[in-house]
K.L.:
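One structure, as structure tokens, below. Some questions next.
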Amino acid sequence: MSGAPEVLLVPTPAAWVQEAAVRWRELLNDHAQCEKKAASTALALMFAYPQDRRLATALSRLAREELRHFEQVQRLMAALDVPFERQRPGRYASKLRARLRTVDPGRKLDLLLAGALIEARSCERFRLLAPRLPQPVGGFYEQLAAAERRHFEHYLDLARGASDSESELASRLRALAEYEAGLVTAADRELRLHSGPPWQAATA
């Protein structure tokens, strides 16, 4: 799966890659939104579990890097004359998080595993798009793929510390990964960094 993290159960559909490679300017706008959301997710976890010093240190660094990525995307958009526009959030992250347990024990583990899956999918998609996009966007996405893999590994390592056993970790990860696989293979009417294949391609 083009160097994608092993937790992903299905590859991104080819129809999404083809559409995103054509509409990459539009995708940059959603990408910028995603970097902000990634930073806010890391900060929210720090506030939710202030007693966990290891988590706070790791996610503080991750949040700073996500914000640097946001600034880089903004600069790229400005250089390429791509406008920054408000848009409705895609369904991917909200539907994935709706599957998480809402109370502890369990909530912390699920939040960290969701973070790992989102970062893993970002890594895969940046790597798929990088050779298909013009420079400097392609080179930037190649760099981001490596960063997203690092973030995925951080979240998964923190999840190991939040689980009671390897079997619990593996069971929850598998359940959430199966649901994530359904989200990225179901058709979407709007193109997003984490959307499914375009509706017209999926229904043709």
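In this chain, residues are counted from 1 in sequence order.
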K.L.:
Taking all non-hydrogen atoms of both residues into account, name the closest pair between Leu100 and Ala114 and its distance.
P.N.:
CD1-CB, 3.9 Å

K.L.:
Walk me through it: do Thr12 and Glu124 pass the test side chain to side chain donor-acceptor pair (under 3.5 Å)?
P.N.:
CA-CA 8 Å; Thr12 286; Glu124 183 223 18; 2.6 Å; yes

K.L.:
Does Pro197 offer a backbone N or O that forms a donor-acceptor pair with the side chain of Asp188 under 3.5 Å?
P.N.:
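Such a contact is absent between Asp188 side chain and Pro197 backbone.
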
K.L.:
Output yes when Glu148 and Arg121 qualify as a salt bridge under the 4.0 Å nitrogen-oxygen rule, no when they do not.
P.N.:
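No, Glu148 and Arg121 are not salt-bridged.
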
K.L.:
Give, for atom CD1 of Ile118 and atom CZ of Phe152, the distance between the pair rounded to the nearest 0.5 Å.
P.N.:
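The distance works out to 13.0 Å.
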
K.L.:
Should Tyr155 and Arg160 be marked as a side chain to side chain donor-acceptor pair (under 3.5 Å) after you check the CA-CA gap, both sets of side-chain angles, and the distance that decides it?
P.N.:
CA-CA 9 Å; Tyr155 272 115; Arg160 287 193 178 97; over 6 Å; no

K.L.:
To the nearest 0.5 Å, what is the distance between CZ on Phe126 and CG on Leu144?
P.N.:
5.0 Å

K.L.:
Count the heavy atoms belonging to other residues, nucleotides or ligands that lie under 6.0 Å from CZ of Arg101, then report whether that count exceeds 12.
P.N.:
yes

K.L.:
Any side-chain to backbone donor/acceptor pair from Glu168 onto Asp164? Under 3.5 Å, distance only.
P.N.:
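Checking the backbone N and O of Asp164 against the side chain of Glu168, a donor-acceptor pair under 3.5 Å is found.
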
K.L.:
To the nearest 0.5 Å, tell me how far Gln18 CD sits from Leu128 CG.
P.N.:
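So the gap between those two atoms works out to 11.5 Å.
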
K.L.:
Is the His31-Phe70 ring centre distance short of 6.0 angstrom?
P.N.:
no

K.L.:
For the pair Gln33 (side chain) and Glu85 (backbone), establish whether a donor and an acceptor sit closer than 3.5 Å, ignoring hydrogens and angles.
P.N.:
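It does hold such a pair.
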
K.L.:
Should the pair Arg150-Glu65 be classified as a salt bridge under the 4.0 Å nitrogen-to-oxygen rule?
P.N.:
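Yes, Arg150 and Glu65 are salt-bridged.
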
K.L.:
In terms of hydrophobic clusters joined by side-chain contacts under 4.5 Å, are Val82 and Val22 together?
P.N.:
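Different hydrophobic clusters.
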
K.L.:
Out of curiosity, Arg91 CZ to Arg192 CZ, how far, rounded to the nearest 0.5 Å?
P.N.:
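One gets 11.5 Å once the value is rounded to the nearest 0.5 Å.
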
K.L.:
So, do Arg54 and Asp157 sit near enough that their side-chain heavy atoms are less than 4.5 Å apart?
P.N.:
yes

K.L.:
Grab the two heavy atoms, one from Pro136 and one from Leu76, that are nearest each other, plus how far apart they are.
P.N.:
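Closest approach of Pro136 to Leu76: CG-CD1, 3.6 Å.
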
K.L.:
Taking atom CZ as the centre, does Arg25 end up with more than 12 heavy-atom neighbours from other residues, nucleotides or ligands that are less than 6.0 angstrom away?
P.N.:
yes

K.L.:
To the nearest 0.5 Å, what is the distance between CD on Gln87 and CG on Leu191?
P.N.:
9.5 Å

K.L.:
Would the distance check show the side chain of Tyr49 and the main-chain N or O of Lys108 forming a donor-acceptor pair, the cut-off being under 3.5 Å?
P.N.:
yes

K.L.:
Assess, by modelled atom type and distance only, whether the side chains of Tyr179 and Arg174 contain a donor and an acceptor separated by less than 3.5 Å.
P.N.:
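Per modelled atom types, Tyr179 and Arg174 side chains form no pair under 3.5 Å.
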
K.L.:
Does any part of the side chain of Leu45, heavy atoms only, come nearer than 4.5 Å to the side chain of Leu111, both counted from C-beta?
P.N.:
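A side-chain contact exists here, since the closest heavy-atom pair is under 4.5 Å.
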
K.L.:
So, taking the atom named CG in Leu158 and the one named OG in Ser163, what distance separates them when rounded to the nearest 0.5 Å?
P.N.:
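Rounded to the nearest 0.5 Å, the CG-OG separation comes to 11.0 Å.
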
K.L.:
Heavy-atom count check: over 12 atoms from other residues, nucleotides or ligands less than 6.0 Å from Arg23 CZ?
P.N.:
yes

K.L.:
Hydrogens and angles aside, do Ser167 and Arg172 bring a side-chain donor and acceptor to less than 3.5 Å of each other?
P.N.:
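No donor-acceptor contact under 3.5 Å links the two side chains.
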
K.L.:
Do you know which two heavy atoms are closest between Met46 and Ala56, and how far apart they sit?
P.N.:
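Looking at all heavy atoms of both residues, the shortest contact is CE-O, 3.8 Å.
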
K.L.:
Tell me whether the NZ or CZ atom of Arg125 lies within the 45° cone about the ring axis of Trp16 and under 6.0 Å from its centre.
P.N.:
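Arg125 over Trp16 ring: yes.
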
K.L.:
Could you check Leu80 against Trp24 for side-chain contact (heavy atoms from CB on, under 4.5 Å), going step by step and ending with a plain yes or no?
P.N.:
CA-CA 11 Å; Leu80 297 171; Trp24 60 268; 3.7 Å; yes

K.L.:
Could you check whether Glu35 pairs with Lys37 (Lys NZ or Arg NE/NH1/NH2 to Asp/Glu carboxylate O, under 4.0 Å)?
P.N.:
no

K.L.:
Determine whether the side chains of Arg61 and Thr57 contain a donor N or O and an acceptor N or O closer than 3.5 Å.
P.N.:
no

K.L.:
For the residue pair Leu129 and Val17, what are the closest heavy atoms and their distance?
P.N.:
CD2-O, 4.1 Å

K.L.:
Contact between His194 and Cys34 at the side-chain level, heavy atoms closer than 4.5 Å - yes or no?
P.N.:
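When only atoms from C-beta onward are counted, Cys34 and His194 do touch, with a gap below 4.5 Å.
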
K.L.:
Could you walk me through whether Arg97 and Thr41 satisfy the side chain to side chain donor-acceptor pair (under 3.5 Å) test, starting with their C-alpha distance in whole Å, then the side-chain angles of each, then the deciding distance to 0.1 Å, before giving a yes or no?
P.N.:
CA-CA 11 Å; Arg97 291 193 173 109; Thr41 295; 3.2 Å; yes

K.L.:
Is there side-chain contact between Arg64 and Leu67, with at least one heavy-atom pair below 4.5 Å?
P.N.:
no

